[in-house]
Amino acid sequence: MSQPYTITTAISYPNGRPHIGHAYEVIATDAIARFQRMMGRDVFFQTGTDEHGLKMAQTARDRGMEPRALADEMSAYFKDMDDRLNISYDRFIRTSESDHHRASQAIWQAMEANGDLYLGRYEGWYSVRDEAFYDEKELSEGEGGQKLSPQGTPVEWTVEESWFFRLSAYQQKLLDLYNSQPDFIQPDSRRNEIMRFVEGGLSDLSVSRTSFDWGVKVPGSDGHVMYVWVDALTNYLTGCGYPDDAARMARYWAEGGDITHIIGKDIVRFHTVYWPAFLMSAKLPLPKQVFGHGFLLNRGEKMSKSLGNVADPMELAERFGVDQLRYFLLSEVTFGNDGSYSAEAIVARSNSDLANSFGNLAQRTLSFIAKNLDGRLPESAARDEDRELLKSVSEAADIFQKSMMDLAPSAAIEAWMRAVFACNAYIDAQAPWALRKTDPARMEAVLATLYEAIASLAIMIQPVIPASASALLDQMGLDKDQRSYDAIGADCYAALRASGFTLSAPKPLFPRLELTEADA
């Protein structure tokens, strides 16, 4: 039995509706989770919303409503986005849930028992937008003398009684972690940034607030709620059964377990400095890897409400198709780097790769079989060129799997596309439409080779375009238990043909997309 696999997105802060960046993160994480399930692993995939903190309290006040009502409304938009984007999460967590409050208080008490919490007075710079504290040395000056965080957000001087976490005591332990486990922070550019930050010295961290009450109550300390990052980061433990379900924790959050966080590059510090320090203090296992992906840019520009270029992922999915959007985001952007999107780019990529290359390959092959063989699956009699094609598809599947294991979906898709191109070159060279009159037996052998290759391509790409790949495999008669990577190159075609399966006229998978004036 393979080791269980736990994977999470960051939980989204729902003081506004979801944008395309939220969709990108959850789509990428979903593809990895689906891939790992296809590898036969017991996967736990969690996403959700981070509902406490000063920003939520302020937004609710500005809208004349209670924070709980705002959280209920806005969290529903994120869950709806996940469902409509075909995200296969096992749990959508909300930090306002009672079991999450219990988990947050349990890790607080564990850190306190370890001597790492003390009561003091916080005086320093705080960014409401980032929900983050910053040292003077990290700040820059903006217009009108406004001090700005490293993210470019305004900071304000804050003075209040606070509980502190002895983060300074964990500096060397964190550096030892990074050195002993080089893959703990990925990609390497993020790892280098964090190592420089920690080597520069760590200050103790304020971990409670008294200026508002929308949050998890600090146990035994009236008037204090937890700093939102203590609460937010603990969500990963909540979903794994902490603190009450020891058996679930042993399965999905074990020492040496395969646990991966997929997050945006702007919150790497919280996940790779604060989070492992909290876990060390509470004597809990650490995740195996934190991967900080890049930002999505709209036509090369950072998205902002003031520029009016913040894209609604639901509008894009409705306009272009869910699988087309998923495919574009995972193929266009090298995971870990920033990437850009536009309507023109989505249309171009979808039409070239999905409609013209893969969709047309499947459509003309299956239509030819349905029409010329009355749906009977063709007889196989492979020659060297047929075996060579199937070998190239099998090799592409190996590269696809290795790339997905390495969290490189764009590289996986490149390998898949090379196999698609090989199939198109093969069908053009073999010309089964010409063989129909001159050599019907050879025609059938070519079609049999293509049938097996197309099925393998559909199996391979399932994590990326799950609905379309499943629809194609349904049309082709492959049972659910014949759709794992083990089926590629395992001659499932012979058993399918022997079963007497008859192919119906196929339905087109990927209609060609057109740009409108609104897309300009």
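If you're wondering where the values come from, they're calculated on a predicted model, not measured in any experiment. Heavy-atom basis, side chains included; hydrogens, waters and symmetry copies ignored.
Ser12 is linked by a side-chain contact (heavy atoms from CB on, under 4.5 Å) to His22, Phe78, counting only residues two or more places apart in sequence or in another chain.
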Show your working on side chain to side chain contact (heavy atoms under 4.5 Å, CB included) between Leu509 and Gln475 and close with a plain yes or no. CA-CA 11 Å; Leu509 288 173; Gln475 291 183 45; 4.2 Å; yes
Side chain to side chain donor-acceptor pair (under 3.5 Å) between Lys79 and Tyr89, intermediate numbers included: CA-CA 10 Å; Lys79 187 172 187 301; Tyr89 59 83; 3.1 Å; yes
Intermediate values then yes/no, side chain to side chain donor-acceptor pair (under 3.5 Å), Gln181 and Asp183: CA-CA 5 Å; Gln181 298 182 38; Asp183 289 339; over 6 Å; no
Before you tell me yes or no, could you show the steps for Asp30 and Ser88 under side chain to side chain donor-acceptor pair (under 3.5 Å), namely the whole-Å CA-CA distance, both residues' side-chain angles and the distance that decides it to 0.1 Å? CA-CA 6 Å; Asp30 178 67; Ser88 62; 2.6 Å; yes
Give the intermediate values and the outcome of side chain to side chain donor-acceptor pair (under 3.5 Å) for residues Tyr77 and Arg17. CA-CA 6 Å; Tyr77 291 125; Arg17 294 196 185 199; 2.8 Å; yes
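The pair Arg37-Asp90 meets the salt-bridge criterion, with a side-chain N (NZ, NE, NH1 or NH2) lying under 4.0 Å from an Asp/Glu carboxylate O. A salt bridge does not link Arg94 with Asp50: none of the charged nitrogens is closer than 4.0 Å to a carboxylate oxygen. Ion pair Lys173/Asp176 not flagged as a salt bridge, since none of the NZ, NE, NH1 or NH2 atoms sits closer than 4.0 Å to an Asp/Glu carboxylate oxygen. Salt bridge present: Lys480 and Asp474 bring a charged side-chain N and a carboxylate O closer than 4.0 Å. In this structure, Arg376 pairs ionically with Glu444, as a charged nitrogen and a carboxylate oxygen lie closer than 4.0 Å. One finds a salt bridge joining Arg91 and Asp99 here, because a Lys/Arg side-chain nitrogen approaches an Asp/Glu carboxylate oxygen to under 4.0 Å. Taking 4.0 Å as the cut-off between side-chain N and carboxylate O, Arg364 and Asp428 count as a salt-bridged pair.
The side-chain hydrogen bond (donor to acceptor under 3.5 Å, both in side chains) analysis of residues 394-405, with sequence neighbours excluded, yields the pairs Lys402-Asp406.
Tyr24 is not listed as a side-chain neighbour of Phe295, based on a closest heavy-atom distance of 4.5 Å or more.
Separation of the Trp229 and Phe278 ring centroids does not fall under the 6.0 Å cut-off.
Remark: the backbone N or O of Ala370 is not paired with any side-chain donor or acceptor of Asp374 at under 3.5 angstrom. Checking side-chain atoms of Arg512 against main-chain N and O of Ser350 turns up no donor-acceptor pair under 3.5 Å.
Of the options Phe291, Phe45, Tyr236, a ring-ring contact (aromatic ring centres under 6.0 Å, His included) to His261 is made by Tyr236 and by none of the others. Among Ile27, Asn298, Leu329, the one residue that satisfies the side chain to side chain contact (heavy atoms under 4.5 Å, CB included) test with Ile20 is Leu329. The only member of Val26, Ile32, Thr8 that meets side chain to side chain contact (heavy atoms under 4.5 Å, CB included) when paired with Ile262 is Ile32. Considering Lys391, Gln430, Arg442 in turn, Arg442 is the only one that fulfils the side-chain hydrogen bond (donor to acceptor under 3.5 Å, both in side chains) rule with Asp386. The residue from Tyr493, Phe501, Phe368 that alone fulfils the ring-ring contact (aromatic ring centres under 6.0 Å, His included) condition with Tyr451 is Tyr493.
Cation-pi geometry between Lys288 and Phe184 is not met at under 6.0 angstrom from the ring centre and within 45 degrees of the axis.
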